[in-house]
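Everything below concerns the one structure shown next.
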There are 2 protein chains.
Amino acid sequence: MVDLKSSPDTASLREEELRQGIELMFYAYRDFTGEPDAILEQYALGRAHHRVIYFVGRNPGISVTELLDILRITKQSLSRVLGKLIEDEFINQRANPADRRRKQLSLSDKGKALEHALTSTQMERFVRAYREAGDEAVEGFRRVLTSIINPEDRARVRPVTIRRT
Amino acid sequence: MVDLKSSPDTASLREEELRQGIELMFYAYRDFTGEPDAILEQYALGRAHHRVIYFVGRNPGISVTELLDILRITKQSLSRVLGKLIEDEFINQRANPADRRRKQLSLSDKGKALEHALTSTQMERFVRAYREAGDEAVEGFRRVLTSIINPEDRARVRPVTIRRT
DNA sequence: TAATTAAGTCAACATGGTTGACCTTAAATC
DNA sequence: GATTTAAGGTCAACCATGTTGACTTAATTA
């Protein structure tokens, strides 16, 4: 437990710092998802489809179960979203030859193009932010956000160890 | 425009760095909202109610229009959520004496208690993360996330200028 | 052969977004 | 004083994306 108040009426500096973190998360996430949402609308897709496209693109050959484990949604919820992406031919599936129950999901060329369009907007946002904030700040950003993630999931984010100079 | 690939087949180090930022945002936001969601369930409230409770608590006397401007949702969507919070007496409203069309929203004692319960879990997550990452990292985290926010909204996050020592 | 696992399906429902039309009250402006 | 504007609210319909629960099929493993 943490003492969040230092006096009855005034918020402590500590509390201000922590609330600032909370608000940064809210506003940053809101704006971070804004541009992709606008693109998705043109394809009659939503944010849920973006997440699937992103993680399939990032993990070619991923199975449905692995995808569920990343997204933390139910199979039924994924199936609606994934079904549409397969039907619209953004995503291909083929059986895993080693275990034919498993399906290997991957992006089609069309899917790769959309993934690029969506992710570009977010990458460009990070390019600007990293440039504005500086290399040292980027390292701090990574350290704090990694610690915000539940310990068991931290390894999911591939670490970038080599430093640019 | 930014060159996001340095070679046709292999993702560049630059692209890896940017994708790492994207994934940190996804996983951190997912876990950051997980604990409050569990508490909200006990009150038959959802994440939307949490956002309203948070920002009304943070800005006592805020008007509906100002709240809409923070949340970026429609009046109709807010009214459903806000209406329930008023009915359940988490939030009080009274007319602004200077302009009686405006309503001043504030948390009741019951609302403050819930706000505290919800926000505590997120503040404790930040306490741990700030401690793990260190003071220098915290400054970097703030700089990067601030730059991720659209410029016109950066001032919404109150800056913490005084450094702890 | 039996049990388990991966995947999928159907149905019903909840939450929290959206658009559009319309109303009331109060304040500001002509 | 009359008109316009602003703040807020309301009703209805719809949509996206999450949930639970029950059940099926095919393939692998014990």
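Below, chain A is the first sequence line, B the second, and so on; all start at residue 1.
Residue A:L82 contributes atom CG, which lies 14 Å from atom C1' of D:dT17 at whole-angstrom precision. Between the CD1 atom of A:I86 and the P atom of C:dT9 there is a distance of 9 Å, rounded to whole Å. A:Q93 places its CD atom 17 Å from the P atom of C:dA6, with the value rounded to the nearest Å. Between A:R100 atom CZ and D:dT28 atom P the separation is 6 Å, expressed in whole Å. To the nearest angstrom, P of D:dA30 lies 12 Å from CG of A:D99. Rounded to whole angstrom, the span from the CD1 atom of A:I62 across to the C1' atom of C:dA6 amounts to 14 Å. Computed from coordinates, the B:L67 CG to C:dG17 P distance equals 12 Å when rounded to whole Å. The CG-C1' distance, from B:D69 to D:dA6, rounds to 15 Å in whole Å.
Within the structure, every side-chain polar atom (N or O) of B:Q104 is placed at least 4.0 Å from both OP1 and OP2 of D:dA7. In this model, the phosphate group of C:dG8 is approached by a side-chain N or O of A:K103 to a distance below 4.0 Å at OP1 or OP2. Remark: A:T74 is in phosphate contact with D:dT19, judged by side-chain N or O atoms under 4.0 Å from OP1 or OP2.
No engagement by A:E66 is indicated, since no non-hydrogen atom pair under 4.0 Å with the nucleic acid exists. Nucleic acid contact for A:K75: base, since at least one base atom lies under 4.0 Å from a heavy atom of the residue. Note on A:E41: nothing from the nucleic acid sits closer than 4.0 angstrom, heavy atoms only.
Heavy-atom neighbours of A:E152 CD from other residues, nucleotides or ligands within 6.0 Å: above the threshold of 12.
Picking from C:dA26, C:dG8, D:dG18 the nucleotide with the shortest atom distance to the side chain of A:I73 gives D:dG18. Looking at the side chain of B:S77, the nearest of the listed nucleotides C:dG16, D:dT19, C:dA27 is C:dG16. The side chain of A:T65 has C:dA7 as its nearest neighbour among C:dC10, C:dA7, D:dC11.
Side-chain contact check for A:N150 versus B:R125: some heavy-atom pair is nearer than 4.5 Å. The shortest side-chain heavy-atom distance between B:I70 and B:N59 falls under the 4.5 Å cut-off. A heavy-atom distance below 4.5 Å is found between the side chains of B:L105 and B:V64. In this structure, the side chains of B:Y54 and A:F26 stay at 4.5 Å or more apart for every pair of heavy atoms.
Both A:Q76 and A:R47 lie near DNA chain D, and the one whose nearest nucleotide falls closer to the 5' end is A:R47. Judged by closest nucleotide on DNA chain D, A:L78 is the one of A:P97 and A:L78 placed further toward the 5' end. Residue whose closest nucleotide on DNA chain C sits further toward the 5' end, between A:R80 and B:H49: A:R80.
Judged by distance alone with a 3.5 Å cut-off, no donor-acceptor contact links the side chain of A:R101 to the base of D:dT28.
With 3.5 Å as the limit, one finds a donor-acceptor pair spanning the side chains of B:S63 and B:E66.
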